[in-house]
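Worksheet: the structure to be examined is printed underneath.
Order of the sequence lines sets the chain letters (A, B, ...), proteins ahead of strands, with each chain counted from 1. Quantities reported herein were computed from a predicted structural model and do not represent experimental measurements.
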Amino acid sequence: MAADVQKKKGWEVQNGSLAPLDSLQLERSESPTPSMMQGSEPGAGQEGTMFVHTRSYEDLTTDEGPVSMGLKKGDGDQIESDMEQISKDFSELSTKLTGIPMDMEEELRENDSDQQEKPRRDSVLSSGKNDEDVTTDSWRRHKKQVFVLSEAGKPVYSRYGSEEALSSTMGVMMALVSFLEAEKNAIKSIHADGYKVVFMRRSPLVLVAVARTRQSEQEIAQELLYIYYQILSLLTWTQLNHIFQQKQNYDLRRLLAGSERITDNLLDLMAQDPSFLMGAVRCLPLAASVRDAVNASLQQAKAKNLVFSILISKNQLVALLRKKDQFLHPVDLHLLFNLISSSTSFREGEAWTPICLPKFNASGFFHAHISYLAQETDLCLLLVSTNREDFFTVSECKQKFLDRMRRRGSYQTLQEALRTPFYSVSQVGIPELRHFIYKSKSSRLFTRLCLPSPKIEAPYVTKEEKERLLGLYQYLHSRTHNSSRSLKTIYYTGTNENLLAWVTGAFELYMCYSPLGTKASAVSSISKLMKWIRREEDRLFILTSLTY
Amino acid sequence: MSGQRVDVKVVMLGKEFVGKTSLVERYVHHRFLLGPYQNTIGAAFVAKAINVEGRVVTLGIWDTAGSERYEAMSRIYYRGAKAAIVCYDITDSSSFQRVKFWVKELQSCEQHCRIYLCGTKLDLLENDRSKRQLDFHDVRDYAEEIKGRHYETSSKTGQNVDELFQKVAEDYVHFTPFQVMTEENGVDLSQKKETYFSCCHH
Ligand SMILES: Nc1nc2c(ncn2[C@@H]2O[C@H](COP(=O)(O)OP(=O)(O)OP(=O)(O)O)[C@@H](O)[C@H]2O)c(=O)[nH]1
Ligand SMILES: [Mg+2]
């Protein structure tokens, strides 16, 4: 994903600012063109940006990057034979992990064909062939086990099963990890028995994923990186390193006690919510006038030490205010989303908690005031302060915000806007369209729509369906991001739905259609959808980035 | 919070899972939440006005997280507290170690903070007395030793919960010179935080 981003000229940092050039503002074209410049696409910010404009996962690319170590049988090379041994260990491990000896024949075959470079058929215009349906029977079993351990081999976190029960597994892990010895920030992966095993070393921790998903190593590594940042957000990088400098075999579970739920939630969320895959933040669709009112009220409720005021609803951004010259990173915002969705404890009173935003500054804590606006609402306000003694000042800001919203009737309007779904099929006017994701690259915001269809009952609503759909998007995403071409389109035909992906330098569009729709009609509906998005962009996106 | 005054800062301390949040939930919202245990993150603040001998006293309750992760930060939550409710689970003897830790910490850093030891989950003994791991009299003796008070409560049934917080408020009224209670001298939260915490800077 980084590769094509780097190629785009519009991405280049100028004067340390990535605000779109003024000249681009003039041509916010109605319909999409492949050559649309970043900053002029629908959803692009109009007055500067809201988020830090770095590539989300620079960590993955500035280092040596993922090194894939596929196994080749019969290769006499020393490393290869070592790897074979590890692979054998791993097949044992795999059965231990799931408790279900699996017939991996089919997965393996699919994976193999996946790895061989297929003739390129990802063009809407030139390809008639379809990709195989990635839906398999094993979909519902544990698709991804994740471990975190210290460099001394002590368990820190395990997604499934208690760390004790897995202690033998940890031994195998350590043997594997010794491969990473030399490099402090290495990412390595092994393909064995239909599994992808991805190792990431972020000293003093080692993170391991054993995945049966169709994700690429990079995508799995990104998720591990999120887990790493999640841990940093609780401890800070400084504290983490300090602890292990003092005592190499420290049992970190003591300090992380009670946080397993947060990490579990993050892994679940990443399997369902496209925000992480997109590396972007989902906006809550809202009439511009309502959003303006919220912003104005937030702006008025400021305090000296406040850095960010963030209003969210169910992992969607409603409004964000920031201190001048301070930018939030989408990854940090995702971590905040996760924190809030992982616990109901924020519904009790006003929370005041130390929190590290690792992408902003991994060495220190902010203090966050977290509270729901009312008992029966999903609207949650986060006020991030630099001063830990600031509770009452910040608490008063919240009250000021709420008072003003109420006085002006904005609170009521906002609540109503939340209740009435904004999108409807007829509005978009593409009957076969079931679901789509549109991401503006320059603003790092995306919108997602799930269209209720009269024919099928609640598509993509259950956890399983959400995960399955995200799996399909993931698949398209990795296909569009692992090639060096800058304009990429894929048309995919499955049993349950057809999908279309279009990735340009300025935006990404993923559309999911009824399986009855034809490719021709799908392609022809793109411009209709893009026009609609352009027309509605001030509702779908937050176009202006505000400061206090 | 605007316009609202806090008379007594109360801090809930104790090992994770002992039931601090449940105690506050019972007292403030008169309910006991079933469902999976949700550990507190950082700390939660809630204010509650209470009537003591015809006077309204506002308790500002800080429900802290028991996790060791926040231990280094705990000072910001208990600093200036007039009362600390230090909880332990009467069915878990290991939870009393943290009680001793907190008592020591309070004795050395917050001399003016009154200590209330609170044994939680009393209802668990109803059907099975053998579940008790902490003797009532042992703890009572310890409480006397440290000049603190001692309660055993159940957040599930509500037993002794109101009594505990009522006592906290009464002690405040009885042992605090009257002038602090007047309008002029109450802590005004719209003032700068330095003022609020000034009494306990070290
Ligand atoms: N039967 C019974 N269970 C209780 C009682 N009080 C708390 N519990 C249970 O004990 C568990 C922990 O309660 P919490 O109130 O969340 O514990 P806490 O001390 O706030 O924990 P941390 O926030 O992690 O420090 C929950 O499952 C509660 O349901 C009680 O009085 N009786
Ligand atoms: Mg709690």
Side-chain angles (χ1 to χ4, degrees), chain A residues 231 233-236 239-240 242-243 251-262 264 301 303-305 339-340 342-356 365-371 375 385 387-404, chain B residues 1-6 9 12 15-17 20-26 28-29 31 33 35-48 60-77 79-80 187-198 200-201:
Chain A
I231 293 171
S233 82
L234 295 167
L235 299 175
T236 74
Q239 193 187 348
L240 182 69
H242 182 75
I243 289 165
D251 187 352
L252 197 61
R253 283 175 300 175
R254 274 183 52 189
L255 274 191
L256 291 178
S259 73
E260 298 84 355
R261 176 190 295 273
I262 305 175
D264 290 348
K304 187 171 119 250
N305 295 316
L339 177 72
I340 286 160
S342 68
S343 175
T344 60
S345 74
F346 298 114
R347 292 203 173 263
E348 288 141 30
E350 304 167 61
W352 183 241
T353 182
I355 177 108
C356 168
F365 281 118
F366 283 109
H367 270 73
H369 181 281
I370 303 173
S371 63
Q375 278 290 325
S385 166
N387 187 342
R388 63 190 201 173
E389 310 282 11
D390 237 8
F391 175 80
F392 287 104
T393 314
V394 175
S395 172
E396 215 173 298
C397 290
K398 183 230 165 148
Q399 201 51 52
K400 256 193 230 158
F401 166 71
L402 207 53
D403 287 348
R404 183 179 151 131
Chain B
M1 289 295 310
S2 66
Q4 195 178 7
R5 298 181 311 121
V6 170
K9 177 172 178 177
M12 312 291 298
K15 191 183 167 178
E16 67 222 29
F17 200 70
K20 301 177 290 298
T21 301
S22 305
L23 206 55
V24 175
E25 272 293 308
R26 166 59 74 186
V28 176
H29 299 294
R31 61 184 179 194
L33 296 176
Y37 154 62
Q38 297 270 345
N39 53 288
T40 302
I41 292 157
F45 176 84
V46 61
K48 163 107 177 168
I61 306 170
W62 281 97
D63 172 23
T64 68
S67 167
E68 275 187 52
R69 186 165 62 250
Y70 302 103
E71 202 175 286
M73 297 277 176
S74 61
R75 249 201 124 87
I76 62 168
Y77 303 121
R79 184 184 296 153
V187 176
D188 180 0
L189 292 174
S190 61
Q191 277 172 4
K192 290 180 77 178
K193 78 227 171 231
E194 283 84 6
T195 320
Y196 183 67
F197 286 107
S198 61
C200 22
H201 269 315

**Message:** I'd like to check the side chain to side chain contact (heavy atoms under 4.5 Å, CB included) partners of A:Cys397; sequence neighbours left out, ordered by chain and number.
**Reply:** A:Ala301, A:Ala303, A:Leu306, A:Leu383
**Prompt:** With a 4.5 angstrom heavy-atom cut-off, which part of A:Leu234 approaches chain B: side chain, backbone, both or neither?
**Reply:** both
**Engaged part of A:Ser371 at the chain B interface, taking heavy atoms whose separation is under 4.5 Å** = neither
**Prompt:** Has A:His242 got more than 12 heavy atoms of other residues, nucleotides or ligands less than 6.0 Å from its NE2?
**Reply:** no
**Item:** Portion of B:Glu68 that has a non-hydrogen atom of chain A nearer than 4.5 angstrom
**Value:** both
**Asked** Rounded to the nearest 0.5 Å, how far apart are CZ of A:Phe392 and CD of A:Glu350?
**Response** 8.5 Å
**Asked** At a heavy-atom separation under 4.5 Å, does A:Arg261 approach chain B through its side chain, its backbone, both, or neither?
**Response** side chain
**Interchain contact, B:Leu33 with chain A, by part (heavy-atom threshold 4.5 Å)** = side chain
**Message:** A:Arg388: which residues meet the side chain to side chain contact (heavy atoms under 4.5 Å, CB included) condition with it, sequence neighbours left out?
**Reply:** A:His367, B:Met73, B:Ile76
**Request:** Using non-hydrogen atoms and a 4.5 Å limit, figure out which bit of A:Ile262 sits close to chain B: side chain, backbone, both or neither.
**Result:** side chain
**Prompt:** Which answer fits B:Glu71, side chain, backbone, both or neither, if we ask what part of it has an atom under 4.5 Å from a heavy atom of chain A?
**Reply:** neither
**Item:** A:Glu348 CD to A:Gln375 CD distance, which is reported to the nearest 0.5 Å
**Value:** 9.0 Å
**Asked** Checking B:Phe17 against chain A: side chain, backbone, both or neither under 4.5 Å from a heavy atom?
**Response** neither
**Item:** More than 12 heavy atoms of other groups within 6.0 Å of A:Arg254 CZ
**Value:** no
**Complete:** If you tally heavy-atom pairs under 4.5 Å between each of B:Ile41, B:Ile61, B:Val46 and chain A, the highest tally belongs to B:Ile41
**Fill in**
Per side-chain hydrogen bond (donor to acceptor under 3.5 Å, both in side chains), B:Thr21 is matched among B:Asn39, B:Asp63, B:Thr64 by B:Asp63
